[in-house]
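Each remark here refers to the structure printed beneath this line.
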Amino acid sequence: GGGSNRRLVLWQDALYACLSGDSLFGKGTDHYELHVHESAELSDADKSHLGKLVRHAHNDFIQAFYENGIVGLIGFLGIWGFVLWRGLLSSLACAKKSDIRRLGLRLGLIAACLTFLAEAFFEFPARSPCAVVVAWSALGVLLGLVLREPGDRDSSAASAFSPGPR
């Protein structure tokens with residue numbers, strides 16, 4: 001089997017393991033390679049890969065689920081989803097005001113974050129220091145920008161995520 005078939009088998013094994021036990025908190029961060037062969041029936045059945053160490057699921061979302069459970073996966077997706085959603089809303093506000101400079105910066109940061117997340121679906125950039133520094137820096141700068149903007153004037157409830165004096 002080729003690389004894409006191998007990935008699908010790795011994904012199936014990892015998802016099966018997640019759903020059959022340890023699904024709430026997972027097996028532990030960075031424990032994929034320690035535990036994968038406990039339940040890797042499909043990938044271990046392929047004799048062409050015998051003796052080869054499997055270190056990553058080749059999908060950071062599945063690996064996050066495997067290692068940190070549904071709690072960790074929701075946390076990971078929640079952080080990225082929240083910041084990207086706020087970035088999108090901020091971009092729309094900039095576009096409405098024809099503020100091209102601020103719009104361009106936000107769209108560039110969103111594109112950097114989405115590129116990281118797209119690659120995370122097929123590879124493991126969360127295990128690469130270079131990719132991690134770029135992605136989390138882009139996410140942090142985007143978060144900093146959107147938190148500095150004035151909030152919804154119609155909202156009377158303040159939250160920890162609204163900018164301005166508390």
Side-chain angles (χ1 to χ4, degrees), residues 3-4 7-8 10-32 36 55-166:
S4 61
R7 283 170 202 242
L8 291 175
L10 288 171
W11 295 355
Q12 287 174 314
D13 278 337
L15 287 171
Y16 177 75
C18 291
L19 298 174
S20 61
D22 299 317
S23 59
L24 190 59
F25 296 108
K27 301 244 184 227
T29 300
D30 210 24
H31 280 64
Y32 179 82
V36 68
R55 293 178 178 240
H56 307 287
H58 291 275
N59 180 313
D60 274 337
F61 303 107
I62 293 174
Q63 190 152 342
F65 183 26
Y66 185 94
E67 293 181 347
N68 304 109
I70 194 69
V71 172
L73 181 62
I74 289 171
F76 178 78
L77 294 175
I79 290 168
W80 287 85
F82 171 78
V83 176
L84 289 170
W85 177 250
R86 289 287 303 263
L88 178 63
L89 294 177
S90 176
S91 297
L92 291 173
C94 290
K96 214 174 183 181
K97 297 176 191 172
S98 298
D99 188 346
I100 301 302
R101 284 183 348 153
R102 291 177 65 214
L103 174 64
L105 177 59
R106 281 152 183 77
L107 290 179
L109 292 167
I110 290 170
C113 292
L114 291 176
T115 300
F116 174 79
L117 294 175
E119 183 184 3
F121 194 80
F122 300 103
E123 275 296 331
F124 40 93
R127 307 296 188 258
S128 166
C130 296
V132 167
V133 167
V134 171
W136 285 98
S137 295
L139 190 75
V141 171
L142 182 60
L143 178 62
L145 288 173
V146 300
L147 290 182
R148 290 185 59 211
E149 295 175 343
D152 183 8
R153 304 257 187 247
D154 298 333
S155 175
S156 59
S159 84
F161 296 110
S162 10
R166 290 175 179 52

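Keep in mind that this is a model prediction, so the values were computed, not measured. Values below: every heavy atom of this structure, side chains too, minus hydrogens, waters and symmetry copies.
Here L84 contributes atom CG and I79 contributes atom CD1; the two are 11.5 Å apart, rounded to the nearest 0.5 Å. The distance from atom CH2 of W80 to atom CG of L143, rounded to the nearest 0.5 Å, is 11.0 Å. Here I100 contributes atom CD1 and L105 contributes atom CG; the two are 13.0 Å apart, rounded to the nearest 0.5 Å. In this structure, E67 CD and D60 CG are separated by 9.0 Å, a value rounded to the nearest 0.5 Å.
Residues I62 and F124 form no side-chain contact, since every pair of their non-hydrogen atoms from C-beta on lies 4.5 Å or further apart. Residues F121 and L117 have side chains not in contact (no heavy-atom distance under 4.5 Å, counting atoms from C-beta outward). Side chains of I70 and S23 form no contact here, defined as non-hydrogen atoms less than 4.5 Å apart. Looking only at side-chain heavy atoms (C-beta outward), F116 and V134 stay at 4.5 Å or farther from each other. No side-chain heavy atom of V83 sits less than 4.5 Å from a side-chain heavy atom of C113. Side-chain contact check for S90 versus L145: every heavy-atom pair is 4.5 Å or farther apart.
Across A126 and V132, no two heavy atoms sit closer than the pair O-CG2, 3.4 Å. Listed here is the closest heavy atom pair of S91 and I110: OG-CD1, 3.6 Å. Summarising the geometry of L142 relative to G87, their closest heavy-atom pair is CD1-CA, 4.0 Å, with the distance given to 0.1 Å. Counting all heavy atoms, side chain and backbone alike, A131 lies closest to P125 at CB-O, 3.6 Å.
In this structure a side-chain-to-backbone donor-acceptor pair under 3.5 Å is missing from N59 to F122. Of the possible donor and acceptor atoms, none in the side chain of R86 sits under 3.5 Å from a partner among the backbone N and O of F82.
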Self-check item: Worked verdict on L73 versus N68 for side-chain contact (heavy atoms from CB on, under 4.5 Å)
Solution: CA-CA 7 Å; L73 181 62; N68 304 109; over 6 Å; no
Quiz item: Can V146 and W85 be said to form a side-chain contact (heavy atoms from CB on, under 4.5 Å), step by step?
Solution: CA-CA 10 Å; V146 300; W85 177 250; over 6 Å; no
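In this pair, W136 and F76 present their aromatic rings perpendicular. The plane angle is above 60°, beyond the 30 to 60° band.
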